[in-house]
Number of protein chains: 2
Amino acid sequence: MPSREDFPPSTAPEREEAGGRGSRKQRTREALLEAALRLMREGRSFTGLSLREVTREAGVVPTAFYRHFHGMEELGLALVEEGGVTLRRLLREARRTDVQFTDMIRGSVLVYKRYVEDNRLQFLFIAGERAGGSQQIREAIRREVTHFTNEMAQDLRGLGAFPGLSTGTLQMICGLVVNCMLNAAIDILDLPLNQPQQEQELLDNFVRQVRLIFLGAQRWKEKSPERGAAAEKTA
Amino acid sequence: MPSREDFPPSTAPEREEAGGRGSRKQRTREALLEAALRLMREGRSFTGLSLREVTREAGVVPTAFYRHFHGMEELGLALVEEGGVTLRRLLREARRTDVQFTDMIRGSVLVYKRYVEDNRLQFLFIAGERAGGSQQIREAIRREVTHFTNEMAQDLRGLGAFPGLSTGTLQMICGLVVNCMLNAAIDILDLPLNQPQQEQELLDNFVRQVRLIFLGAQRWKEKSPERGAAAEKTA
DNA sequence: AATTAAAGTCAACACTTGTACACTGAAACT
DNA sequence: AGTTTCAGTGTACAAGTGTTGACTTTAATT
C-alpha cells in the first residue's frame, strides 16, 4: 500500500502553502494542538487527556484527528517541538534586550517571569511532562531542553562572561540554571492570584539561587581543562 | 446519615491495631498503594492510571477500593506521604554514614544514586507528579520536598559547614541542591541499561553541579543578615 | 467542466471506565 | 450463644474511550 506521503513526519509542521494559500489542513492541525494546550489550563496533565476530548475542544469530529496525527503520542511530540521553539525565542529576545539594570540577574528573572506568564500553556506542558509523560515525550523534551541549555552556554561564552571556563563547564552551569528556571516556572504558574507577598518571596529566592550559581561559576577552577570539553548529553 | 468515622482522614495510615492484630484492612490498603506504584514501572504516570486498573493489579474487586480511599486522588495523597517518609529516611541514613571519602560530594552522590535505584518506584512517583498531577497532589509533594529541604538545611547547620550563613540562606542553597537531586533522579531512572559511559557522564555532571553550588555557598555574603531569616516557603 | 485527492463527517463497534446497590462472610463484642 | 460491624464480592448501568470503514464535501489539477 503506497499511501504516498502518509504524514508530514511530525517535523516540518509549517510550509505556508502547499498548493493554494494558508491551507485548511494546517488550520485544524493547529486547532488540535491549541485545543490540547487549552485543556491543560485547569491543572490537568497532558497524559490525562483523551483523543476525543481534544477533538471536541477543537470543534472537529474524532475521526478527523487521524488526518493529522497517528495518536495522542504524536500530537504530544508536536507540542514538544512547539515548546522548543518557544524556549529558543526566549533566548533570542533576551539576546536583543541586553538588560541594563543596576541588577542584571534580577532584571532577567523578571523578564523570565513575564515570559512564562505570557506563554503559560507551553510552559505548563513542558515543565509538566518533563518528568511525567511517556518515555518518548520525556526524551523529546529532554532533547529540547538540552538544546536550549547549550545555546545558552554559547551565548554566555559570546558575552565573554566567564572567559576561563571550558564549553563543557559552561554547559554544566547553564544546565543548573535551566533546571532552576523550569522549577521556578512551575511555582510561578501555580501561584495563587493576588498574593504579592508570596510572589515576592518566590522571585527573591529564585534570584538568590541564580546569583549563587554565578558566584560559584566565578570561582570555578577547571581541573583538566579539556578532558571531555563537549561531554554534555550530546550523545 | 451519621457514617460514624467515614475514613481515617488520609493521614495516620498506620495504627497497627484497631481492635485485633495486624488488621486485614491494612493489608489490602497497602496492596492498593503498592499496585499503583507497580503500574508506574514502565513509564506510565500516576495521572494516567485508572481506579479499576489499580484494583485489578492489587487482586481486589473495583468496589473494594472505596473502603480505603474516596478516589484516586486520595490514594495519590497517601503515596505522597509514603514518599515523604522515604525522603526523610534518606536523610537519616546519610546522617549516620558520614561518608569519609577523599571526595565527600562524589561519595554522597553515589550513595544517593544507589538510594534512588533502590526506591525506584517512589522516586518515579514523586519526581513524576511533582509538576504533573493534580493541583492537590502537586502541592502535597511541594510540602514534602520543602520539609526535606529544611531538614537538610538544619543538618548542614549542625555539621557546621557554613557557619556564616543564615538559616534562610541555607534553605535557599538546599533548595537548589534538592532540585538538582530530583532532576538527577529522573535522569538516573530512565538511563538505558548497561550504558556505563552515559551513566558516568550523568553522575559526573551531577557531582560538578553540586560542587559548584557549594563553591558558591562558600563565597556567599549575606546582605542584611536577618531580614527574613526564615523567609522560605514556611507559609 | 470534469476529474481527482484528501480533509472532514457519520454511524457503529467492542471496550473500559467510575460508581451505586444489595449481598456475603468472617471476625469482634456482647 | 447470638448480634453487629464492615472489608470484600457480584451485578449492573450509563457514559466515555480508541478505531473501523464507507460517505460527503471542498478545493486544487487537468
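Numbered from 1 within each chain, the chains take letters A, B, ... in sequence-line order.
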Using Watson-Crick and G-U wobble pairs whose two distances are both under 3.5 Å, how do you write the pairing of DNA chain D as dot-bracket, with | for links to another strand? ||||||||||||||||||||||||||||||

Counting only side-chain heavy atoms from C-beta out, which of C/dT17, D/dT17, C/dG8 sits nearest to A/Arg67?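 Ranking C/dT17, D/dT17, C/dG8 by closest atom to the A/Arg67 side chain puts C/dG8 first.
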
Show, in sequence, the C-alpha distance, side-chain angles and deciding distance for A/Glu53 and A/Arg44, and conclude whether the salt bridge (charged side-chain N to carboxylate O under 4.0 Å, His left out) test is met. CA-CA 12 Å; A/Glu53 253 179 319; A/Arg44 311 193 38 199; 2.6 Å; yes

Run the salt bridge (charged side-chain N to carboxylate O under 4.0 Å, His left out) test on A/Arg143 and A/Glu139 for me, step by step, so that the C-alpha distance in whole Å, both residues' side-chain angles and the decisive distance to 0.1 Å come before the verdict. CA-CA 6 Å; A/Arg143 263 196 301 279; A/Glu139 268 166 22; 5.1 Å; no

Is the distance from OP1 or OP2 of [N] to the nearest side-chain N or O of [X] less than 4.0 Å?
X	N	value
A/Ser50	D/dG16	no
B/His70	C/dT19	no
B/Thr28	D/dG8	yes

Short side-chain to backbone donor-acceptor contact, A/Gln209 and B/Met172, under 3.5 Å: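 Indeed, once roles are kept as given, a pair shorter than 3.5 Å links the two residues.
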
Using atom types as modelled and distance alone, determine if a side-chain donor or acceptor of A/Glu151 lies under 3.5 Å from a backbone N or O of A/Arg88.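 No; judged by distance alone, with no hydrogens or angles, the pair does not exist.
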
Run A/Gln135 and A/Arg138 through side chain to side chain donor-acceptor pair (under 3.5 Å) and show every step you take. CA-CA 5 Å; A/Gln135 177 99 358; A/Arg138 226 162 38 225; 3.0 Å; yes

Taking [atom1] from [X] and [atom2] from [N], how many angstroms apart are they, rounded to a whole number?
X	N	atom1	atom2	answer
A/Phe65	C/dT9	CZ	P	14 Å
B/Leu32	D/dA7	CG	P	13 Å
B/Lys25	D/dT5	NZ	P	15 Å

Distance (rounded to the nearest 0.5 Å) between A/Phe206 CZ and A/Ser108 OG: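 Spacing of CZ (A/Phe206) from OG (A/Ser108) equals 9.5 Å.
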
Donor-acceptor pair between B/Glu201 and B/Gln197 side chains, under 3.5 angstrom: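 The answer is yes; a qualifying pair exists.
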
Under 3.5 Å, is there a donor on one side chain and an acceptor on the other for A/Thr47 and A/Glu129?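 Present: a donor and an acceptor within the cut-off.
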
Considering only nitrogen or oxygen atoms on both sides, find all protein atoms under 3.5 Å from nucleotides 10-12 of chain C and state each distance.
unit_1 : atom_1 : unit_2  : atom_2 : d
C/dC10 : N4     : A/Thr63 : OG1    : 2.9

